[in-house]
Protein chains: 2
Amino acid sequence: MITNNKQERVTSQKKIILDFLKSVKTHPSTEEVYLAVKKKLPRISLGTVYRNLKDLKEKGEIQEVFSGVSHYDGDMSPHAHFICEKCDKIFDIFEKIDVPKKTKVGKIKNYQVYYYGFCKKCKKTLS
Amino acid sequence: MITNNKQERVTSQKKIILDFLKSVKTHPSTEEVYLAVKKKLPRISLGTVYRNLKDLKEKGEIQEVFSGVSHYDGDMSPHAHFICEKCDKIFDIFEKIDVPKKTKVGKIKNYQVYYYGFCKKCKKTLS
DNA sequence: ATCGGTGCAAATCCTTTGCATTTCC
DNA sequence: GGAAATGCAAAGGATTTGCACCGAT
(Lines give C-alpha, C1' and ligand atoms only; values in the text may rest on other atoms or scores of the structure.)
Protein backbone atom coordinates (compact mmCIF):
# COMPACT_ATOMS: atom_id res chain seq x y z
CA MET A 1 0.00 0.00 0.00
CA ILE A 2 1.32 3.39 -0.96
CA THR A 3 1.05 6.01 1.72
CA ASN A 4 2.03 9.58 1.25
CA ASN A 5 3.15 10.69 4.67
CA LYS A 6 4.52 14.05 3.57
CA GLN A 7 1.86 16.57 4.29
CA GLU A 8 1.21 19.03 1.58
CA ARG A 9 0.27 22.65 2.00
CA VAL A 10 -2.14 24.66 -0.07
CA THR A 11 -0.38 27.86 -0.87
CA SER A 12 -1.95 30.85 -2.55
CA GLN A 13 0.51 30.40 -5.40
CA LYS A 14 -0.69 26.91 -6.15
CA LYS A 15 -4.34 27.88 -5.87
CA ILE A 16 -3.99 30.85 -8.19
CA ILE A 17 -2.08 28.84 -10.81
CA LEU A 18 -4.73 26.14 -10.82
CA ASP A 19 -7.57 28.68 -10.92
CA PHE A 20 -5.95 30.38 -13.86
CA LEU A 21 -5.59 27.17 -15.84
CA LYS A 22 -9.15 26.13 -15.10
CA SER A 23 -10.41 29.53 -16.22
CA VAL A 24 -8.88 29.64 -19.69
CA LYS A 25 -9.60 27.63 -22.80
CA THR A 26 -6.12 28.11 -24.20
CA HIS A 27 -3.02 26.05 -23.52
CA PRO A 28 -0.56 28.44 -21.96
CA SER A 29 3.16 27.76 -21.75
CA THR A 30 4.92 27.91 -18.40
CA GLU A 31 6.08 31.41 -19.21
CA GLU A 32 2.54 32.47 -20.05
CA VAL A 33 1.22 31.02 -16.81
CA TYR A 34 3.94 32.90 -15.00
CA LEU A 35 3.06 36.21 -16.62
CA ALA A 36 -0.66 35.75 -15.99
CA VAL A 37 -0.26 34.75 -12.36
CA LYS A 38 2.19 37.58 -11.77
CA LYS A 39 -0.68 40.01 -12.15
CA LYS A 40 -2.24 38.68 -8.97
CA LEU A 41 0.98 37.75 -7.19
CA PRO A 42 3.65 40.17 -8.37
CA ARG A 43 6.38 38.52 -6.30
CA ILE A 44 5.90 34.98 -7.60
CA SER A 45 8.97 33.44 -9.20
CA LEU A 46 9.25 31.41 -12.38
CA GLY A 47 10.76 28.53 -10.39
CA THR A 48 7.64 28.35 -8.25
CA VAL A 49 5.48 28.20 -11.34
CA TYR A 50 7.57 25.32 -12.69
CA ARG A 51 7.36 23.51 -9.37
CA ASN A 52 3.62 23.92 -9.03
CA LEU A 53 2.81 22.96 -12.59
CA LYS A 54 4.81 19.78 -12.19
CA ASP A 55 3.03 19.10 -8.95
CA LEU A 56 -0.47 19.72 -10.29
CA LYS A 57 0.30 17.50 -13.23
CA GLU A 58 1.46 14.65 -11.01
CA LYS A 59 -1.73 14.94 -8.99
CA GLY A 60 -3.72 14.72 -12.21
CA GLU A 61 -5.32 18.13 -11.89
CA ILE A 62 -3.87 19.46 -15.12
CA GLN A 63 -2.16 17.95 -18.14
CA GLU A 64 0.98 18.85 -19.97
CA VAL A 65 0.84 19.37 -23.72
CA PHE A 66 4.16 18.86 -25.49
CA SER A 67 4.81 21.30 -28.27
CA GLY A 68 8.35 22.57 -28.25
CA VAL A 69 8.13 23.96 -24.75
CA SER A 70 5.68 22.66 -22.16
CA HIS A 71 2.13 23.90 -22.34
CA TYR A 72 -0.59 23.17 -19.82
CA ASP A 73 -4.27 22.36 -20.03
CA GLY A 74 -6.61 22.64 -17.07
CA ASP A 75 -9.27 20.64 -18.85
CA MET A 76 -8.97 16.99 -17.89
CA SER A 77 -12.00 15.78 -19.81
CA PRO A 78 -10.98 13.38 -22.58
CA HIS A 79 -10.08 15.23 -25.73
CA ALA A 80 -7.32 15.40 -28.33
CA HIS A 81 -5.06 18.27 -29.36
CA PHE A 82 -4.57 19.48 -32.89
CA ILE A 83 -1.25 21.25 -33.30
CA CYS A 84 -0.79 23.44 -36.34
CA GLU A 85 2.59 22.82 -37.93
CA LYS A 86 2.74 26.35 -39.21
CA CYS A 87 1.55 28.62 -36.40
CA ASP A 88 2.06 26.11 -33.56
CA LYS A 89 -1.34 26.88 -32.08
CA ILE A 90 -2.95 24.13 -30.04
CA PHE A 91 -6.64 23.39 -30.61
CA ASP A 92 -8.94 21.21 -28.55
CA ILE A 93 -10.65 18.44 -30.47
CA PHE A 94 -13.60 16.93 -28.69
CA GLU A 95 -14.64 14.58 -31.47
CA LYS A 96 -14.77 11.21 -29.79
CA ILE A 97 -11.92 8.72 -30.06
CA ASP A 98 -12.03 5.18 -28.78
CA VAL A 99 -9.07 4.34 -26.67
CA PRO A 100 -8.62 0.99 -24.96
CA LYS A 101 -8.72 0.75 -21.14
CA LYS A 102 -5.78 -1.58 -21.01
CA THR A 103 -3.06 -2.97 -23.23
CA LYS A 104 -0.72 -5.95 -23.15
CA VAL A 105 1.83 -3.74 -21.50
CA GLY A 106 -0.36 -2.50 -18.66
CA LYS A 107 -3.45 -0.62 -17.61
CA ILE A 108 -3.89 2.81 -19.13
CA LYS A 109 -4.17 5.47 -16.44
CA ASN A 110 -4.42 8.30 -18.91
CA TYR A 111 -3.66 9.05 -22.49
CA GLN A 112 -2.92 11.84 -24.90
CA VAL A 113 -3.76 12.22 -28.56
CA TYR A 114 -2.03 14.68 -30.84
CA TYR A 115 -3.06 15.54 -34.37
CA TYR A 116 -0.70 17.39 -36.67
CA GLY A 117 -1.53 19.38 -39.77
CA PHE A 118 -2.28 22.90 -40.88
CA CYS A 119 -5.13 24.78 -39.27
CA LYS A 120 -7.65 26.38 -41.62
CA LYS A 121 -6.22 29.84 -41.28
CA CYS A 122 -2.67 28.73 -42.06
CA LYS A 123 -3.76 26.49 -44.91
CA LYS A 124 -5.12 29.56 -46.70
CA THR A 125 -1.96 31.57 -46.32
CA LEU A 126 0.46 28.89 -47.47
CA SER A 127 2.72 30.53 -50.00
CA MET B 1 2.99 25.63 -55.61
CA ILE B 2 5.77 24.89 -53.21
CA THR B 3 9.04 23.92 -54.83
CA ASN B 4 12.09 22.85 -52.96
CA ASN B 5 14.97 24.05 -55.06
CA LYS B 6 17.65 23.26 -52.50
CA GLN B 7 19.21 20.02 -53.52
CA GLU B 8 19.82 17.54 -50.79
CA ARG B 9 22.69 15.14 -50.48
CA VAL B 10 22.67 11.65 -49.11
CA THR B 11 25.56 11.50 -46.73
CA SER B 12 26.83 8.36 -45.09
CA GLN B 13 25.91 9.87 -41.73
CA LYS B 14 22.28 10.28 -42.68
CA LYS B 15 22.07 6.81 -44.20
CA ILE B 16 23.60 5.13 -41.19
CA ILE B 17 21.34 6.98 -38.77
CA LEU B 18 18.25 5.98 -40.70
CA ASP B 19 19.42 2.39 -41.08
CA PHE B 20 20.02 2.18 -37.39
CA LEU B 21 16.54 3.46 -36.52
CA LYS B 22 14.90 1.12 -38.99
CA SER B 23 16.82 -1.83 -37.59
CA VAL B 24 15.83 -1.51 -33.94
CA LYS B 25 12.50 -2.01 -32.23
CA THR B 26 13.35 0.34 -29.38
CA HIS B 27 12.91 4.10 -29.24
CA PRO B 28 16.39 5.48 -28.75
CA SER B 29 17.09 8.97 -27.54
CA THR B 30 19.28 11.30 -29.57
CA GLU B 31 22.20 10.45 -27.33
CA GLU B 32 21.60 6.74 -27.82
CA VAL B 33 21.45 7.16 -31.59
CA TYR B 34 24.70 9.08 -31.38
CA LEU B 35 26.44 6.36 -29.39
CA ALA B 36 25.18 3.60 -31.66
CA VAL B 37 26.13 5.39 -34.87
CA LYS B 38 29.52 6.31 -33.44
CA LYS B 39 30.48 2.64 -33.62
CA LYS B 40 30.35 2.80 -37.39
CA LEU B 41 31.38 6.41 -37.79
CA PRO B 42 33.71 7.24 -34.91
CA ARG B 43 34.12 10.86 -35.95
CA ILE B 44 30.43 11.75 -36.16
CA SER B 45 29.38 14.65 -33.96
CA LEU B 46 26.33 14.96 -31.77
CA GLY B 47 25.31 18.08 -33.67
CA THR B 48 25.14 16.11 -36.89
CA VAL B 49 22.93 13.54 -35.24
CA TYR B 50 20.57 16.27 -34.06
CA ARG B 51 20.52 17.81 -37.53
CA ASN B 52 19.84 14.54 -39.30
CA LEU B 53 17.17 13.36 -36.90
CA LYS B 54 15.33 16.64 -37.32
CA ASP B 55 15.67 16.31 -41.05
CA LEU B 56 14.47 12.73 -41.25
CA LYS B 57 11.53 13.61 -39.07
CA GLU B 58 10.52 16.51 -41.31
CA LYS B 59 10.68 14.23 -44.31
CA GLY B 60 8.40 11.79 -42.52
CA GLU B 61 10.89 8.95 -42.47
CA ILE B 62 11.00 8.68 -38.69
CA GLN B 63 8.89 10.01 -35.85
CA GLU B 64 9.79 11.75 -32.66
CA VAL B 65 8.47 10.38 -29.40
CA PHE B 66 8.26 12.93 -26.60
CA SER B 67 9.24 11.60 -23.22
CA GLY B 68 11.42 14.00 -21.32
CA VAL B 69 14.11 14.14 -23.97
CA SER B 70 13.44 13.35 -27.60
CA HIS B 71 13.28 9.74 -28.63
CA TYR B 72 12.97 8.47 -32.17
CA ASP B 73 11.05 5.67 -33.84
CA GLY B 74 11.88 4.38 -37.28
CA ASP B 75 8.56 2.58 -37.55
CA MET B 76 6.05 4.80 -39.31
CA SER B 77 3.19 2.30 -39.37
CA PRO B 78 0.28 3.55 -37.29
CA HIS B 79 0.68 2.59 -33.67
CA ALA B 80 0.51 4.10 -30.22
CA HIS B 81 3.15 4.38 -27.50
CA PHE B 82 2.73 3.25 -23.94
CA ILE B 83 5.07 5.09 -21.60
CA CYS B 84 5.67 3.61 -18.18
CA GLU B 85 5.49 6.29 -15.52
CA LYS B 86 7.93 4.42 -13.34
CA CYS B 87 10.72 3.16 -15.58
CA ASP B 88 10.06 5.55 -18.48
CA LYS B 89 10.30 2.76 -21.02
CA ILE B 90 8.41 3.23 -24.26
CA PHE B 91 6.37 0.32 -25.63
CA ASP B 92 4.74 -0.04 -29.03
CA ILE B 93 1.02 -0.69 -28.98
CA PHE B 94 -0.36 -1.97 -32.25
CA GLU B 95 -3.91 -2.52 -31.03
CA LYS B 96 -5.99 -0.56 -33.49
CA ILE B 97 -7.29 2.92 -32.70
CA ASP B 98 -9.72 4.82 -34.86
CA VAL B 99 -8.55 8.29 -35.58
CA PRO B 100 -10.46 10.72 -37.78
CA LYS B 101 -9.00 11.85 -41.10
CA LYS B 102 -10.01 15.43 -40.54
CA THR B 103 -11.30 17.72 -37.82
CA LYS B 104 -13.05 21.07 -37.70
CA VAL B 105 -9.65 22.67 -37.33
CA GLY B 106 -8.05 21.07 -40.36
CA LYS B 107 -6.96 17.92 -42.11
CA ILE B 108 -4.88 15.52 -40.06
CA LYS B 109 -1.54 14.83 -41.71
CA ASN B 110 -0.32 12.60 -38.96
CA TYR B 111 -1.02 11.85 -35.34
CA GLN B 112 0.44 10.45 -32.20
CA VAL B 113 -1.15 8.54 -29.36
CA TYR B 114 0.43 8.18 -25.94
CA TYR B 115 -0.77 5.93 -23.16
CA TYR B 116 0.49 6.40 -19.62
CA GLY B 117 0.50 3.92 -16.78
CA PHE B 118 2.71 1.34 -15.15
CA CYS B 119 4.12 -1.48 -17.24
CA LYS B 120 3.62 -4.98 -15.90
CA LYS B 121 7.10 -5.30 -14.54
CA CYS B 122 6.93 -2.00 -12.64
CA LYS B 123 3.44 -2.70 -11.37
CA LYS B 124 4.77 -5.76 -9.56
CA THR B 125 7.60 -3.95 -7.90
CA LEU B 126 5.62 -1.01 -6.62
CA SER B 127 6.56 -0.65 -2.98
C1' DA C 1 7.25 25.93 16.45
C1' DT C 2 7.70 23.13 12.63
C1' DC C 3 8.90 22.05 8.12
C1' DG C 4 7.00 22.51 3.45
C1' DG C 5 6.93 26.15 -0.02
C1' DT C 6 8.85 30.29 -1.97
C1' DG C 7 12.05 33.68 -4.22
C1' DC C 8 16.23 34.29 -6.10
C1' DA C 9 20.04 33.16 -8.70
C1' DA C 10 23.14 29.90 -10.18
C1' DA C 11 23.60 25.48 -12.31
C1' DT C 12 22.28 21.90 -15.42
C1' DC C 13 20.92 19.79 -19.40
C1' DC C 14 19.23 19.38 -24.02
C1' DT C 15 19.40 21.37 -28.39
C1' DT C 16 20.82 24.71 -31.80
C1' DT C 17 24.10 27.35 -34.31
C1' DG C 18 28.39 29.83 -36.49
C1' DC C 19 32.15 28.85 -38.97
C1' DA C 20 36.07 26.63 -41.10
C1' DT C 21 36.63 22.37 -43.43
C1' DT C 22 35.21 18.27 -45.84
C1' DT C 23 32.37 15.76 -49.04
C1' DC C 24 29.09 14.81 -52.49
C1' DC C 25 27.27 15.64 -57.18
C1' DG D 1 34.01 23.74 -58.62
C1' DG D 2 30.39 24.89 -55.83
C1' DA D 3 26.82 24.06 -52.65
C1' DA D 4 25.49 21.23 -48.87
C1' DA D 5 26.75 18.69 -44.79
C1' DT D 6 29.98 17.89 -41.12
C1' DG D 7 32.78 18.51 -36.80
C1' DC D 8 33.76 21.24 -33.24
C1' DA D 9 32.90 24.28 -29.76
C1' DA D 10 30.39 27.93 -28.14
C1' DA D 11 25.80 29.84 -27.42
C1' DG D 12 21.06 29.53 -26.32
C1' DG D 13 17.03 28.47 -23.84
C1' DA D 14 14.09 25.78 -20.96
C1' DT D 15 13.91 23.64 -16.64
C1' DT D 16 15.82 22.37 -12.21
C1' DT D 17 17.96 23.13 -7.88
C1' DG D 18 20.47 24.91 -3.44
C1' DC D 19 19.67 27.75 0.13
C1' DA D 20 18.06 31.30 3.26
C1' DC D 21 13.74 33.02 4.46
C1' DC D 22 8.66 32.96 4.80
C1' DG D 23 4.22 31.32 6.07
C1' DA D 24 0.60 27.56 6.57
C1' DT D 25 -0.90 24.33 9.90
Side-chain angles (χ1 to χ4, degrees), chain A residues 3-21 26-59 61-73 83 85 88 90, chain B residues 3-21 26-59 61-73 83 85 88 90:
Chain A
T3 49
N4 188 352
N5 42 15
K6 185 154 115 185
Q7 81 183 54
E8 182 178 309
R9 291 175 186 170
V10 181
T11 61
S12 58
Q13 286 86 340
K14 176 169 295 177
K15 204 164 8 160
I16 289 175
I17 289 172
L18 181 56
D19 283 353
F20 170 67
L21 280 175
T26 56
H27 306 79
S29 64
T30 307
E31 189 73 28
E32 286 165 345
V33 173
Y34 170 62
L35 292 174
V37 168
K38 218 169 160 48
K39 288 176 188 163
K40 290 200 174 176
L41 288 177
R43 293 188 47 72
I44 198 171
S45 73
L46 186 54
T48 296
V49 175
Y50 271 102
R51 274 184 285 236
N52 277 309
L53 289 173
K54 193 176 188 180
D55 227 68
L56 290 166
K57 179 194 166 189
E58 275 163 14
K59 291 197 298 181
E61 307 210 45
I62 63 174
Q63 61 177 315
E64 192 174 356
V65 180
F66 302 98
S67 174
V69 301
S70 287
H71 289 249
Y72 289 90
D73 187 346
I83 298 179
E85 292 177 317
D88 289 325
I90 302 168
Chain B
T3 49
N4 188 353
N5 42 15
K6 184 156 117 185
Q7 82 183 53
E8 181 178 312
R9 290 172 187 173
V10 181
T11 60
S12 57
Q13 287 86 341
K14 177 169 293 179
K15 202 161 13 155
I16 290 176
I17 289 172
L18 182 56
D19 283 353
F20 169 67
L21 280 175
T26 57
H27 307 80
S29 64
T30 306
E31 188 74 29
E32 287 165 345
V33 173
Y34 171 63
L35 293 174
V37 168
K38 217 169 160 48
K39 289 176 187 163
K40 291 199 175 176
L41 289 176
R43 294 189 47 73
I44 198 172
S45 73
L46 186 54
T48 296
V49 175
Y50 270 102
R51 274 185 286 237
N52 277 309
L53 288 173
K54 193 176 187 178
D55 227 67
L56 290 167
K57 178 194 167 188
E58 274 162 15
K59 290 196 299 181
E61 307 210 45
I62 62 173
Q63 61 177 315
E64 191 175 358
V65 179
F66 301 98
S67 175
V69 300
S70 286
H71 289 249
Y72 289 90
D73 188 348
I83 299 180
E85 292 177 317
D88 290 325
I90 302 169

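Each chain gets a letter, A, B and so on, in the order the sequences are listed, and its residues count up from 1.
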Fill in the blank from the handout: For nucleotides 11-19 of chain C, 5' to 3', base contacts (B), sugar-phosphate-only contacts (S) and non-contacts (-) with protein non-hydrogen atoms under 4.0 Å give ---SBBBB-
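- As rounded to whole Å, 15 Å separates atom P of C/dG5 from atom CG of A/L18.
- Comparing the local axis fitted to the first five base pairs of the helix from C/dA1-D/dT25 to C/dC25-D/dG1 with the one fitted to its last five gives a bend of 40°, rounded to 10°.
- Residues that satisfy the side chain to side chain donor-acceptor pair (under 3.5 Å) test with A/K15, not counting sequence neighbours, are absent from this structure.
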Under 3.5 Å, side-chain donor or acceptor atoms of residues 43-55 of chain A against the rest of the protein: list the pairs with distances, not counting sequence neighbours.
unit_1	atom_1	unit_2	atom_2	d
A/S45	OG	A/T48	N	3.3
A/S45	OG	A/T48	OG1	3.1
A/N52	ND2	A/T48	O	3.2
A/D55	OD2	A/K14	NZ	2.9

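- Atom NZ of A/K14 is separated from atom P of C/dT6 by 7 Å (rounded to the nearest Å).
- In this structure, the side chains of A/D73 and A/I62 stay at 4.5 Å or more apart for every pair of heavy atoms.
- Among residues two or more places apart in sequence or in another chain, the salt bridge (Lys or Arg N to Asp or Glu O under 4.0 Å) test is passed with B/K40 by none.
- Taking side-chain N and O atoms only, B/Q13 has a distance below 4.0 Å to OP1 or OP2 of D/dG7.
- C/dT23 atom C1' lies 13 Å from atom NZ of B/K15, rounded to whole Å.
- One atom, CG of B/L41, and another, P of C/dT23, lie 11 Å apart when rounded to the nearest Å.
- In this structure B/E32 satisfies the salt bridge (Lys or Arg N to Asp or Glu O under 4.0 Å) test with no other residue, sequence neighbours excluded.
- Residues passing the salt bridge (Lys or Arg N to Asp or Glu O under 4.0 Å) test with A/E31, sequence neighbours excluded: none.
- For B/S70, the side chain to side chain donor-acceptor pair (under 3.5 Å) partners at least two apart in sequence or on another chain are B/E64.
- Atom CG in B/N52 sits roughly 9 Å away from atom P in D/dA5 (whole-Å rounding).
- Partners of B/S67 according to the side chain to side chain donor-acceptor pair (under 3.5 Å) rule, which considers only residues two or more places apart in sequence or in another chain, do not exist here.
- Partners of B/K59 by salt bridge (Lys or Arg N to Asp or Glu O under 4.0 Å), not counting sequence neighbours, listed by chain and number: B/E8, B/E61.
- Side-chain contact between A/Y72 and A/S29 is absent, with no heavy-atom pair separated by less than 4.5 Å.
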For nucleotides 21-25 of chain D, tabulate all protein N/O to nucleotide N/O atom pairs closer than 3.5 Å, reporting atom names and distance.
unit_1	atom_1	unit_2	atom_2	d
D/dG23	N2	A/R9	NH1	2.2

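- Contacts of A/Q13 classified as side chain to side chain donor-acceptor pair (under 3.5 Å), with partners at least two apart in sequence or in another chain: none.
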